[in-house]
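Heads up, the thing below is written out as structure tokens.
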Protein chains: 2
Amino acid sequence: MNTPTFRNWQSVQSEVLRRIHAREWKPGDFIPNETDLALEFGCARTTVNRALRALADSGLLDRRRKAGTRVAAQPVAKAILDIAVIRSEIEERGQNYSYRLMARQTTVPPVTVSAAMHTNADDPLLSIRALHMSDDAPYALEDRWINTSVVPAAKDETFQDVSANEWLLKHAPYTHGEIVFSATAASEEDSAIMDCPEHSALFTIDRLTWDQGAAVTKARILFGPGHQLRTAL
Amino acid sequence: MNTPTFRNWQSVQSEVLRRIHAREWKPGDFIPNETDLALEFGCARTTVNRALRALADSGLLDRRRKAGTRVAAQPVAKAILDIAVIRSEIEERGQNYSYRLMARQTTVPPVTVSAAMHTNADDPLLSIRALHMSDDAPYALEDRWINTSVVPAAKDETFQDVSANEWLLKHAPYTHGEIVFSATAASEEDSAIMDCPEHSALFTIDRLTWDQGAAVTKARILFGPGHQLRTAL
DNA sequence: CAGATTATTATGTATGCACATAAAAACATC
DNA sequence: GATGTTTTTATGTGCATACATAATAATCTG
């Protein structure tokens, strides 16, 4: 009986993966503890730990102190989406990016916006509306509110040549945020701008970012009909 | 001058994060090497390594051997979505889940399906159509093709009580897959089933999973109007 | 026997050390 | 001066050890 030795954590990881896929360890099952596995694999417990930790991070294992490690009963699929700057997104597909600023004004936002951003209801915010185009066809419509008390530099930026989408990433650091994906029907105005039938189903991203306790910006981006967001899992 | 010591990798990580947010280290900048940071922080290099590795995983740092570590110029926002079983999704919100099988038959699929799944054009597949309901209201419509030559056990399962969505997770392991998010307009049939206006914008998930080289299942899930998928970032 | 206390145990992590590896920089060679 | 070779260096990883911590199991106590 030759027990091959596993020298590095990647090989331990793939052996564990193999056993899970081969159903030697079924969903819900406890697997041997780190010490035993280290003994079996002929490596240090640290190495086993590294491998199992990585698998737990990806959702395939459930680990709890003292309780032990088990194969996730319902392996939650974690889809990791890379949300890139729209310009890069288009250029990476080899298409030509262009951009058109449609509106830029400082006004008091609707209460839904000031409430979501935790700003005073009568504090004005900078409002930006712009169209991103791919090969001169409408690609995405960006509607954005910027909190100029957090990003004062935005007041001096025309956003004529650089999209807020891109400018903010470079000039406004954020600590955390939220992204919401949904599908919305194109309004009459939207459909005119996006050059699509009214009530078309548009893939929508709502994004709200914060720097410490203060909201930096809130954006809604409507993508043209047929837009897809894809990822491996 | 008191340099506080950072004993654990989390505190090292948050100090590094603080410096990035405070723009002491700007996007594109090289940061000191691990040995120097360990010296400064009063901990082992291993600990610094752990902290920096975690930040690199999340896309905030770029690391290359010999070259060093730098703050990512364009921090790609990585949105991590947890794609759970629909039943859990509903029950976790404290709502009542129910399920209705609408169709189950073995037929030769459209070429688009057999092509995507890399099966022979005339090989029959198991087709499932089912409705997931939350508090008795239509929630999601599942349209699925199952490759019974990969999951033979599916032939003996009625899917009357357990949704394919859930059954497969437990009985059909997969090695990799793809998820595509999009927005689609409700067809006449869809809208009748989902009890919504025709042409409603529906959030759509297309999922194709593989076990080694063979396609396991291909599913399209249409969510009712207003459905959102949200995540922190 | 319920409830509080203590022991046990599996994972979590810090550390010092050694060596591997990729890539840049320095150097040598033609 | 272009090209190939060697050195240097920062990250990547393995290992033995020690201790921390969370959560269960066992025990004690009223």
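A note on names: the letters A, B, ... follow the listed sequences, proteins ahead of strands, and every chain is numbered from 1.
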Hey, are A:T184 and A:T204 close enough side-chain-wise for a donor-acceptor pair under 3.5 Å?
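A:T204 vs A:T184: donor-acceptor pair found between side chains.
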Judged by modelled atom types alone, do B:E142 and B:N165 share a side-chain donor-acceptor pair under 3.5 Å?
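Not at all, the side chains of B:E142 and B:N165 share no donor-acceptor pair under 3.5 Å.
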Expressed as a whole number of angstroms, how long is the span from [X]:[atom1] to [N]:[atom2]?
| X | N | atom1 | atom2 | value |
| --- | --- | --- | --- | --- |
| A:L37 | D:dC15 | CG | C1' | 17 Å |
| B:F41 | C:dA14 | CZ | C1' | 16 Å |
| B:F6 | C:dT15 | CZ | P | 13 Å |
| B:L52 | D:dA10 | CG | P | 14 Å |
| B:R64 | C:dA20 | CZ | P | 23 Å |
| A:R70 | D:dA23 | CZ | P | 14 Å |
| A:F30 | C:dT9 | CZ | P | 16 Å |
| B:R53 | C:dG12 | CZ | P | 14 Å |

Is the shortest side-chain N/O distance from [X] to OP1 or OP2 of [N] below 4.0 Å?
| X | N | value |
| --- | --- | --- |
| A:R63 | C:dG12 | yes |
| B:T69 | D:dT11 | yes |
| B:Q10 | C:dT13 | yes |
| B:R50 | C:dG12 | no |
| A:N49 | C:dG12 | yes |

Going through the checks in order, is the salt bridge (Lys or Arg N to Asp or Glu O under 4.0 Å) test met by A:E40 and A:R19?
CA-CA 14 Å; A:E40 183 192 338; A:R19 292 188 186 183; 2.6 Å; yes
Of A:I221, A:V180, A:D143, the residue whose pairing with A:D206 passes side-chain contact (heavy atoms from CB on, under 4.5 Å):
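The passing option is A:V180.
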Picking from C:dA10, C:dA23, D:dG12, which would you name as closest to the side chain of B:R65?
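The nucleotide sitting nearest to the side chain is D:dG12.
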Of the listed nucleotides (D:dT13, C:dA24, C:dT11), which one gets closest to any side-chain atom of A:E34?
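When the side chain of A:E34 is considered, C:dT11 is the closest of D:dT13, C:dA24, C:dT11.
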When you measure only distances, ignoring hydrogens and angles, does the side chain of B:R45 come within 3.5 Å of the base of D:dG12 through a donor and an acceptor?
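Such a pair is found, so the answer is yes.
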So which heavy atom on B:F203 is nearest to which on A:A183, and how close?
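Scanning both residues, the minimum pair turns out to be N-CB, 3.5 Å.
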If you assign each of A:C43 and A:A67 to its closest nucleotide in DNA chain D, which residue comes earlier from the 5' end?
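Closer to the 5' end of DNA chain D: A:C43.
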Between B:K66 and A:A44, who's closer to the 5' end of DNA chain D by nearest nucleotide?
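Taking each residue's closest nucleotide, the earlier one in sequence belongs to B:K66.
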Which residue lies toward the 5' end of DNA chain C, A:G68 or A:T46, if each is placed at its nearest nucleotide?
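Mapping each residue to its closest nucleotide by heavy atoms, the 5'-most match is A:G68.
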